[in-house]
Amino acid sequence: MPEGHTLHRLARAAQRRLKGGPLRVTSPQGRFADGAALVDGATLRRAEAVGKHLFLDLGAGRHVHVHLGLFGRTTVAATPAPAPVGAVRMRIEGATAYLDLRGATICEVLTRAERARLVARLGPDPLRRDADPDRAWTRLSLSSRPLASLLMDQSVVSGVGNAFRAEVLCRHGLDPYLPGSHLARVDWDAVWADLVALLRDGVRTGRIRTLRPEHGRSRRSGPRHYVYRRAGEPCLVCAEPVSVAVVEGRRLYWCASCQRR
DNA sequence: GGCTTATGCGCAG
DNA sequence: TGCGCCTAAGCCA
């Protein structure tokens, strides 16, 4: 479930459960065998997420970089680790916990400079204290591209994916096709603040919860989002059917009636 | 057991 | 713009 909150949550879990003693790093599936050999026996200095990227600082200028892509999944659990089932790209075993990685787009060892170059091309991450929303505003306000494209562009804002894109635009009544340059500063400030709150909630709960209390956030059954994956179903606010179209290669869901600005 | 879909992204053309 | 990567889960028969 890889939007930014997933990676920050993973970074926290890794930091808490793998820090300390030497780590056994292997690649049962084999595709990360060379990388694993480079870092096997190292100690975790720091686990950190930037946008949808996870970095494990293993000292001596070695940084394991993981990007989950669309399919990547991780397991973090108490040792002893069971015999690997399926395609485990990377397994990290510590004294009390282990981490399994499957299906990731990227799992590699980077130098500090390579890591810095990668981070430099990412836009501000709403989950990081050092994030500067002005950087994103500068990009947005000069662009004729639609908001729905800009929000998915990791060099504009990092950590937002298809679910949060759809939901945050809906929560603010924003037309997904509005050019970035037509967005009011006050609306961007509100969207940014909302992304901070929504993503933080995601880190805490491990879920994407976007419904306001009056629309059933705590309800057990029924829709869990305003528009995401609800094509053709009634909008929770105005009951008009939710629209769907492909933008940036991903399905965009929105309410054409509520989101007009 | 097969088919579809998925919270992503780089690359060819 | 569309394809390919890569894995798992949900749905159907």
Side-chain angles (χ1 to χ4, degrees), chain A residues 1-11 27-33 35 49-55 65-77 82 84-91 99-108 110 114 117-123 125-127 145-146 148-171 176-177 194-211 221 223-233 242 244-254:
Chain A
M1 314 160 168
E3 293 198 31
H5 67 295
T6 306
L7 280 298
H8 281 262
R9 192 175 166 82
L10 178 59
S27 179
Q29 172 229 37
R31 288 189 47 195
F32 181 59
V50 185
K52 298 169 189 170
H53 301 259
L54 173 72
F55 298 100
H65 169 221
V66 172
H67 194 292
L68 296 176
L70 192 50
F71 314 123
R73 297 269 158 89
T74 56
T75 306
V76 179
V85 178
V88 177
R89 177 88 52 87
M90 173 174 70
R91 168 170 281 184
L99 182 157
D100 276 357
L101 172 70
R102 302 156 194 273
T105 297
I106 295 170
C107 178
E108 61 186 359
L110 298 182
E114 288 169 332
R117 267 199 295 280
L118 197 160
V119 170
R121 57 165 221 251
L122 296 175
D125 175 351
L127 282 171
R145 294 163 62 205
S149 296
L150 291 162
L151 281 178
M152 289 288 275
D153 184 337
Q154 301 299 296
S155 70
V156 175
V157 190
S158 64
V160 175
N162 202 28
F164 281 119
R165 157 177 85 166
E167 293 293 292
V168 82
L169 286 172
C170 181
R171 283 168 60 94
Y177 291 98
D194 207 22
L195 285 172
V196 171
L198 291 172
L199 283 160
R200 278 189 187 162
D201 183 79
V203 174
R204 196 166 61 247
T205 63
R207 298 180 179 196
I208 294 175
R209 300 196 308 168
T210 56
L211 294 186
S221 60
R224 285 197 289 227
H225 308 297
Y226 282 104
V227 289
Y228 178 64
R229 294 191 66 169
R230 296 192 62 240
E233 295 174 38
V242 171
V244 63
V246 174
V247 176
E248 295 297 303
R250 319 277 311 157
R251 285 188 186 219
L252 165 73
Y253 303 87
W254 81 105

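Note: hydrogens, waters and symmetry copies are ignored here, and every other heavy atom, side chains too, is used.
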Check the side chains of A:H8 and A:D125 for a donor-acceptor pair under 3.5 angstrom, ignoring hydrogens and angles.
-> yes

Counting the atoms with a prime plus P, OP1 and OP2 as sugar-phosphate, which does [X] contact under 4.0 Å by heavy atoms, base, sugar-phosphate, or nothing?
X	result
A:R121	sugar-phosphate
A:R31	sugar-phosphate
A:E248	nothing

Gap between atoms [atom1] and [atom2], on [X] and [N] respectively (whole Å):
X	N	atom1	atom2	result
A:L70	B:dT5	CG	P	13 Å
A:L122	B:dG8	CG	C1'	13 Å
A:R165	B:dA6	CZ	P	12 Å
A:Y228	B:dG8	OH	P	7 Å
A:R89	C:dA8	CZ	C1'	14 Å
A:L118	B:dG10	CG	P	9 Å
A:I106	C:dT7	CD1	P	15 Å
A:L68	C:dC5	CG	C1'	14 Å

For C:dA8 versus B:dG10, give the span between their P atoms, rounded off to a whole number of Å.
-> 23 Å

Rounding to the closest angstrom, what is the interatomic distance between C:dC5 and B:dG13 at atom P?
-> 15 Å

Flag if over 12 foreign heavy atoms under 6.0 Å of CZ, A:R145 = yes

Specify whether A:F55 and A:H65 have parallel, tilted or perpendicular ring planes, treating 30° as the upper limit for parallel and 60° as the lower limit for perpendicular.
-> parallel

Taking OP1 and OP2 of [N], is either one under 4.0 Å from a side-chain nitrogen or oxygen of [X]?
X	N	answer
A:Y253	B:dA6	yes
A:R251	B:dT4	no
A:H67	B:dC9	yes

For DNA chain B, whose closest nucleotide is more 5', that of A:G249 or that of A:R229?
-> A:R229

Backbone of A:G51 reached by a side-chain donor or acceptor of A:Q154 within 3.5 Å = no

Step through it carefully: locate the ring centre of A:F164, locate the ring centre of A:H5, and say whether they are under 6.0 Å apart.
-> yes

